[in-house]
Amino acid sequence: MSNLYFIIPELFISLSVMALLVLGVFKNNSSKIIFYLSCLIILVSLAINLNINITQTIFLFNNSYLVDQLSLFIKSIIMISAFFVMFCSYNYVRVNNILKIEYPILILCSLLGMLVMISSNDLIVFYIGLELQSLALYVLASFNRDNILSSESGLKYFVLSALSSGLLLYGCSLIYGFSNSTNFNEISQNFNFEYGVIFGMVFVIVGLAFKISAVPFHMWAPDVYQGSPTSVTVLFAILPKIAALTVFIKFLYGPFINLFEEWQAIIIFLSVASMILGAVAAIGQKNLKRLIAYSSISHMGYALAGLTTGTNQGIQSSIIYLIIYLIMNLAFFSCLFMLKRKDKFYENIEDLSGLSKKHPILALSFLIILFSLAGIPPLAGFFAKFYIFMAVIQKEMYFLAIVGLLATVIAAFYYLRVIKIIYFDPEQEKFDTAMSLGLKLTLILSTSAILMYFLNPNFLNKYITNILVI
Amino acid sequence: MFPILSSLIILPLIGSLFLIFIRSSEKNTSLKYVALFITFTNFFLSLYLWKIFDPSISTFQFVENRIWIEGFINYKVGIDGISILFVILTTFITPLCIISVNSTITYRLKEFLIAILIMETLMIGVFCSLDLVIFYLFFEGGLIPMFLIIGIWGGNRRVYSAFKFFLFTLVGSVLMLVAIIAIYWISGTTDIEKLYELGIQEEYQKLLWLAFFSSFAVKTPMWPVHTWLPDAHVEAPTAGSVLLAAILLKMAGYGFIRFSVGLFPLASIYFVPLVYSLSLIAIIYTSLVALMQEDMKKLIAYSSVAHMGFVTLGIFTFTQQGIEGSIFQMISHGLISAALFLSVGVVYDRLKTRQIKDFSGLVNIMPKYAIVMMIFTLGALGLPGTSGFIGEFLVLMGTFKKSIITAAIASIGVILGAAYMLWLYKRVVFGNLLKTIDIKKMVDLNKYETLILSSLAILIIVFGFYPEPLIKTYATSIDNFINTINVTTELSLIEKIK
């Protein structure tokens, strides 16, 4: 029984998912209630999660599940962002007629999958978690089923993701075959440098790289981002990336730490390719969601760059990067949700034309967010990159640092283009100004976090230093 | 102790927050008064700072040191004889910019004033910071408001110019960021005072120097990365051009002295031929280009490149005269280029054109304008009795000590400078009044313009005849600075011989 104490958040979410399903079946028109209830459930499980106090890493269920400071922290981050994602997208979901009972329930399911994935200490548990979150996301991507783009994106995501899951599973089986165990702790003890394990590791990395859309496994991202309902895109942009990157950290620095030199080269390649391609390919985009898809590809490149170092500093910088990335994305998407005119949401870059004249505050938020995404000081995005490059240069990987920084210059160009359209171009018809409280609150909180980060950067650093004891 | 430097830095920022909450009315007078009040307060505060500043001490004064990122970066500000003058230049030029918006900025005044105030905060921050990371934050942060100033209130090709300005500067700066981080891992600190004491090993210096150079060379701007400057100047609104020419360019010159030479003396000596040749090309080539310009602002922009060529030349002589001359040249160019851009702004506001061929014989209808313009022209060409002379003269003196040929070529630049400035003056002010010019529109200077331009003219002449207060302020600091460089170079020589 004592094992169960540490997984109360997961238990709570899975039980509530069942309860909500039952509620949805028996009560008519209950989608609104279920939406709010799910928000509440996330908050409650967050509260439970925050209340779990541990002093050391705890292994559960025959070492197949683990709870440590890092996983608790990432879980809280994921739940907070899931809450804000739902909080700010309610209006969008309602207006676009996708407020069905399944919608919030599927989000809860994928959240549950992520939590399991983060805490997993065994290949099989990890795979179950990964698939649970992916399956829910396939459905969510095509949730706006009358929209052809949405259906296409769901199918595309499903096919490609299934392929990558297949590769990942194949990798897992190779690892099992050569190391005699599926347990992370045992894998690291059992193996000797056999090619089979290295092959297995490469396949696992490919599968994970697909989930965080690192180049060359990024092809799905722009289409899926564009096609899915925006409320799902924001989910795609934030939650699976945090979860998958955390698993990346756990994999690379757990069972495969002895293969450091082997995987370092792979991660460096993924990182450099993502940074450059993300920056270059975004230049020609006309759709804001596609743009942010490419931008998130390059951001993942930076986050991976932190992992290439093999130091604690590097992991810390990647986690800080992730957190700042999620805040920036949340802010960006809340701005997107505000581009509404008579129940139609706009998502092309030209629709922003001259926004600054009629919506000065929204335009200012856009300005702050875009400059932060571009990494211009003193905004939070700069610090995120700064820590990454601190870690990278510590290991004297100057090539990576210089390529990364030059990629930021290229990336700056397309962020500037959006700013140009907002500030320098002729104005258009006004957008609706009546916004839901949740949306406003999300935007204000996230934007001010970006803007004010430089006042006290210590806060986050300290916290993360404390949780990272590897 | 009262944190006077931090208040100088923060005051404009608070002011800009204040402006956000003021409702803009039709005439926007209250906005301007608030902005003026804040910038003048800042100006007087900086004058007070100059008064209590002790020029006989060579170390940093008014140092504030607070923990910012624990165990890593401290928020450290302080000034010495070199930086205080730039701080005062900044606080002096900003209110002039704000007065000048009266006639130049016709829309979105509130945002413009906010941008200018934020700019002031960042500029003062650059000159005060004693930590590389803090310096970088202020240095780069300036891109955002300047990008907006050029892009929103600029001329026809404003978008192109704003992008060019932003991307050029960013490319240079990111390399500097790599270097700053590398310095942290090499020396364990980014605190400039400590770095001066510790020194940086010779093997790293050259690469680090190049990385810093890439940033400052773009900002100075040196040939061949100067091409953003004419575009940015031409398209920026008057106040933007003034800020760019008077202060932003000086950040780079200041950076050269403080960081390139201060932190990497050995590398600086090694790269002297590079800097000399680039500076000479800048002086001669851009002067020739300036001769052929048809747009007044572009002409002045190119002349800025040439004048900044003297500055870099002077700094890398490592002589007392050379560096003193460079600093003087920067201050004086800050005043003169600001004045020239404001003067161009005056006629542009009236006729909405900057083409030289559209003007002629302005002396007939705008006598006051002709007088101040004369003073600025003479200042720009370095006539004795104006501040422009002293800077160039000292620089050439310092250069002469090191390399006679370089000094000789550089002095050709002085002649060319006289040529394009006087020719500009002749074409615009003298001659017969063109029939196309609408006399009703071309009224003489109004009281605001007179105030701005005459205060600049007076300063240019005063410092031309009596440069003592400026030179006295930084003499000790530079003395000490050169001694440190000499000591380090000698030490390394001795080590090599061993």
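To find a chain, count down the sequence lines: A is the first, B the second, and so on, and within it residues start at 1.
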Tell me which donor-acceptor pairs, judged by distance alone and kept under 3.5 Å, run between chain A and chain B, one pair per line.
from: A:S356; atom 1: OG; to: B:R108; atom 2: NH2; distance (Å): 2.2
from: A:M390; atom 1: O; to: B:W185; atom 2: NE1; distance (Å): 2.8
from: A:F424; atom 1: O; to: B:R158; atom 2: NH2; distance (Å): 2.7
from: A:F454; atom 1: O; to: B:W68; atom 2: NE1; distance (Å): 2.8
from: A:N458; atom 1: OD1; to: B:E70; atom 2: N; distance (Å): 2.8
from: A:N458; atom 1: ND2; to: B:W68; atom 2: O; distance (Å): 3.1
from: A:K462; atom 1: NZ; to: B:E70; atom 2: OE2; distance (Å): 3.4

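- Heavy-atom distances place the side chain of B:L175, and not its backbone, under 4.5 Å from chain A.
- When the candidates B:I186, B:V171, B:L143 are compared by the number of heavy-atom contacts under 4.5 Å with chain A, B:V171 comes out ahead.
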(request) Check the pair A:F269, A:V215 against side-chain contact (heavy atoms from CB on, under 4.5 Å), reporting the backbone distance first and the verdict last. (result) CA-CA 9 Å; A:F269 170 75; A:V215 176; over 6 Å; no
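- When the options A:I368, A:I369, A:L330, A:L355 are evaluated for a side chain to side chain contact (heavy atoms under 4.5 Å, CB included) with A:C335, the one that passes is A:I369.
- Heavy atoms closer than 4.5 Å to chain B are found in both the backbone and the side chain of A:F424.
- For B:F147, the parts lying under 4.5 angstrom from a heavy atom of chain A are both the backbone and the side chain.
- With a threshold of 4.5 angstrom between heavy atoms, B:I73 approaches chain A through side-chain atoms but not through N, CA, C or O.
- At a 4.5 Å heavy-atom cutoff, the contact between A:L367 and chain B is made by side-chain atoms alone.
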(request) Would you please test A:L339 and A:L288 for side-chain contact (heavy atoms from CB on, under 4.5 Å) and show each step? (result) CA-CA 11 Å; A:L339 304 179; A:L288 278 170; 4.3 Å; yes
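- A:L455 touches chain B through its backbone: at least one of N, CA, C or O sits under 4.5 Å from a heavy atom, while the side chain does not.
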(request) Evaluate side-chain contact (heavy atoms from CB on, under 4.5 Å) for A:Y346 paired with A:Q428, printing each intermediate quantity in order. (result) CA-CA 13 Å; A:Y346 290 81; A:Q428 281 184 337; over 6 Å; no
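- Counting only heavy atoms from C-beta outward, the side chains of A:Y294 and A:I297 approach each other to under 4.5 Å.
- The minimum heavy-atom distance linking A:A412 with B:L167 is given by the pair CB-CD2, 4.2 Å.
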